[in-house]
2 protein chains.
Amino acid sequence: MDRRRTDKNDEASAQGRPTLKTLAFMTGLGVTTVSRALKDAPEIGAETRRRVQLVAKQIGYRPNRAGIRLRTGRTNVISLVLNTDREIMSFVSDIIYGVSEVLAETPYHLIVTPYSRSQDPMEPIRYLVETGSADGVIISRTQPNDPRARYMLEHGMPFATHGRTDMGLVHPYHDFDNHAFASAAVRRLASMGRRRLALLSPPPGLTYYSHTLDGFADALSEVGASEIPFNTVSIDHTIEQIRMRTAQVMRRDVRPDGFVSSAAAATLAIVAGIEDAGLKLGRDVDVVSKQSSDLLHLFRRELLVVNENFRLAGSELARSVLGLIGGAAPGSLQSLVVAGDVQSFSPPVPV
Amino acid sequence: MDRRRTDKNDEASAQGRPTLKTLAFMTGLGVTTVSRALKDAPEIGAETRRRVQLVAKQIGYRPNRAGIRLRTGRTNVISLVLNTDREIMSFVSDIIYGVSEVLAETPYHLIVTPYSRSQDPMEPIRYLVETGSADGVIISRTQPNDPRARYMLEHGMPFATHGRTDMGLVHPYHDFDNHAFASAAVRRLASMGRRRLALLSPPPGLTYYSHTLDGFADALSEVGASEIPFNTVSIDHTIEQIRMRTAQVMRRDVRPDGFVSSAAAATLAIVAGIEDAGLKLGRDVDVVSKQSSDLLHLFRRELLVVNENFRLAGSELARSVLGLIGGAAPGSLQSLVVAGDVQSFSPPVPV
DNA sequence: TTGGCAATCTGTAACGTTTCAGTATATTGA
DNA sequence: TCAATATACTGAAACGTTACAGATTGCCAA
């Protein structure tokens, strides 16, 4: 039963990139049928379905994203919103790869939406929501009362946050247990006989600032150690600022004999400051630091480290947004990574 | 002259997001006129133009990208193609920000298209070209005979490369003068009395591998120093591999008294290896390294560094692709950054 | 007055997709 | 036998934009 068409659309085959029309022409079916056959709709005959899909594969048909987007409003885009100035370097790289890893097996693309220090953090969010240029959003630098999260919740834009909020609203997130990190760090330092501890905290304002502070304080009282105030700087300050401030503090009579640092780059500055003051790491003072790649032990083997995996964070966040878009309950898309052990240097094993 | 319309389209104003139709309804003009007025077309009256633009601004009209893309084929997207495994961490972060900086003032979005070690580097390129999902592409890890560049040139996809090719084809690029870097490094080491130099090179295969090797060799013969072969590792190897190999070489009778390193992370490994062998940086051996952020001097102040600015690279590459899309001659969109001086540690100035 | 022309504005079609409201054809039940 | 129903398919319309090919108006030269 040859039912080749003789419409005015014969030329469909001549075009560059195949469309549904091309497929319709080649199979002798209507474009509606082809469209439905490709997405395994129920009311399409089994043989027709197979035939269409075969031809589609053969000629390398790829749906036109603009067409889909115009018609359905779905963009097949996930946007990662990043602060251009303050984001940790390895964070950017790792989280992008983590997200990519997950998106690679989906029709989704990753677009990076940056905003700078000078800018209102809400601006990129508003843009994304107003223009509908993404199906889902991932944000970092999450705050306890985060206007971005609230706004997206109100406007029905699916999103996941790196870090938790504290607004009584439920939404997907991925977080590292910074309370546990700070506590473990303090306990470790205490176990080494360190008694006067300083904390280089995350920037105040972000949710994990208080998590870290609480973990630090809780463990301090648990082990009976005391805190040397070090809250005029945070990991958002420049290397130079942290270094100067550390040197200052270390030159005082009553100085810290232990540091807990929330970021690897900042730890370099702390160590530099310690040495500026003429003191020695491991003898006069010990430092426990978070790190996201295994470099600190190359820097000073006396350093104590806890690893935070940003690539994992990226994957988890991507999975969460996709889940949310797919209709899963927001509450089921939350993950908290427990901090691993505090690790001291162990020499590499020769091969 | 009241020419309010009484079509069936009155409801245009009720919709959620304003479109050309909404504007047409509000101004009492046709959508064609509105469309042209918004892009300052010549045959639109001055007053009409102003009126339309005013209303558009007032109600926050944003053109629908899907509509534009479907109609014109323009995506307003620049794709940055990155290797998920081998790309330098700070490179990813900095180049993304550099690109973003430039794109921010344009209607363009940045999408990140990753590929992994296991994958054919051509695959993401073919995808982009075949599906037309970007108006321009930026690639890194450029090779002398780069199939990606050739393919995009053949298919008319605008692109810029980070690093040069050597195929006799002209296309936009941005590159760092690695020949000059390696030469300057060697000269500096020679000036300090170092005579037996080793080079930790970029991965063979990339164009700047030979640039670096040539610069190294040229300066060696110029200053009459000799090379200690170190070519079983490159900066693409793991920290551990580089460290082991360095330690091995440093334990030999005839060992390097100077290193030139093409990447900061690798330099950490070299220094670790040197110290594994019981030798001391600055006394037994000196190291000149490229770095993209100012961390190496915190690590060991004896290190000598040359800075490479990836953020600048990102901006330049973005400007190049945009220029090419805008019709500029490819040959006019090439930039080569001369390496700065070799810098030794200078103590920070207290504020 | 007429024709021509410039200056402004307009409707229609098309880009590729999905949805809606069907239309044929075969199958079933009575 | 007929109607009802299920199965498999279809055309037209719409999403928002731009390009094309006019249409209308006013003005000026002849």
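Convention: sequence-line order gives letters A, B, ...; per-chain numbering from 1. Excluded from the calculations below are hydrogen atoms, water molecules and symmetry mates; all remaining heavy atoms, backbone and side chain alike, are included.
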Practice task
Verify whether one side chain among Asp85(B) and Ser116(B) offers a donor that lies under 3.5 Å from an acceptor in the other.
Solution key: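 Distance-only check fails for Asp85(B) and Ser116(B).
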Between [atom2] of [N] and [atom1] of [X], the distance in whole Å:
X	N	atom1	atom2	result
Arg49(A)	dC9(D)	CZ	C1'	13 Å
Arg50(B)	dT8(C)	CZ	P	12 Å
Leu70(A)	dA13(D)	CG	P	17 Å
Arg51(A)	dA8(D)	CZ	P	14 Å
Phe25(A)	dG16(C)	CZ	P	16 Å
Lys21(B)	dT10(C)	NZ	P	16 Å
Glu43(A)	dT7(D)	CD	C1'	9 Å
Leu29(B)	dG11(C)	CG	P	10 Å

For [X], give me all partners under side-chain hydrogen bond (donor to acceptor under 3.5 Å, both in side chains), at least two apart in sequence or on another chain.
X	value
Asp175(B)	Arg164(B)
Arg126(B)	Asp120(B)
Thr72(A)	none
Asn309(B)	none

Exercise for the section: Using five pairs at either end of the helix from dT1(C)-dA30(D) to dA30(C)-dT1(D), determine the angle between the two local helix axes and round it to 10 degrees. Expected result: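 If I round to tens, the end axes sit 60° apart.
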Practice task
Quick one: list whatever passes salt bridge (Lys or Arg N to Asp or Glu O under 4.0 Å) with Arg62(A), sequence neighbours left out.
Solution key: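 Per chain and number, Arg62(A) pairs via salt bridge (Lys or Arg N to Asp or Glu O under 4.0 Å) with Glu130(B).
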Problem - Thr161(A): side chain to side chain contact (heavy atoms under 4.5 Å, CB included) partners, not counting sequence neighbours - result: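 Scan of Thr161(A) (side chain to side chain contact (heavy atoms under 4.5 Å, CB included), adjacent residues dropped) gives Ile139(A), Thr142(A), Phe159(A), His171(A), Tyr173(A).
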Exercise for the section: Any pair with a residue in residues 113-138 of chain A that passes ring-ring contact (aromatic ring centres under 6.0 Å, His included), sequence neighbours left out, goes on the list, sorted by first then second residue, please. Expected result: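 For residues 113-138 of chain A, and leaving out neighbouring residues, the ring-ring contact (aromatic ring centres under 6.0 Å, His included) pairs sorted by first residue read Tyr127(A)-His109(B).
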Handout entry: Contact nearer the 5' end of DNA chain C, comparing Gly45(B) with Arg65(A)
Key =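 Its nearest nucleotide being more 5', the pick is Gly45(B).
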Handout entry: Residue-level proximity of residues 128-136 of chain B to DNA chain C when a heavy atom falls under 4.0 Å
Key =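 The answer is none.
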Handout entry: Gly67(A) or Ile44(A), whichever maps to the more 5' nucleotide of DNA chain D
Key =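 Upstream on the strand: Ile44(A).
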Practice task
Return yes if some donor-acceptor pair links the side-chain N/O of Arg49(B) with the main-chain N/O of Ala41(B) below 3.5 Å, else return no.
Solution key: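 The answer is yes, because a donor-acceptor pair under 3.5 Å joins these two groups.
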Problem - Phe91(A): partners by ring-ring contact (aromatic ring centres under 6.0 Å, His included), with sequence neighbours left out - result: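 For Phe91(A), the residues satisfying ring-ring contact (aromatic ring centres under 6.0 Å, His included) (neighbours in sequence not counted) are His162(A), Phe310(A).
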Give me the distances for all protein-to-nucleotides 18-22 of chain D N/O pairs that come in under 3.5 Å?
from: dT18(D); atom 1: OP1; to: Lys39(B); atom 2: NZ; distance (Å): 2.7
from: dT18(D); atom 1: OP2; to: Ser35(B); atom 2: OG; distance (Å): 2.7
from: dT18(D); atom 1: OP2; to: Lys39(B); atom 2: NZ; distance (Å): 3.3
from: dT18(D); atom 1: O2; to: Arg71(B); atom 2: NH1; distance (Å): 2.1
from: dA19(D); atom 1: O4'; to: Arg71(B); atom 2: NH2; distance (Å): 3.3
from: dA19(D); atom 1: N6; to: Thr32(B); atom 2: OG1; distance (Å): 3.1

Do any side-chain atoms of residues 30-40 of chain A form donor-acceptor pairs under 3.5 angstrom with protein atoms, and if so which ones, sequence neighbours left out?
from: Arg36(A); atom 1: NH1; to: Glu43(A); atom 2: OE2; distance (Å): 2.8
from: Asp40(A); atom 1: OD1; to: Gln53(A); atom 2: NE2; distance (Å): 3.0

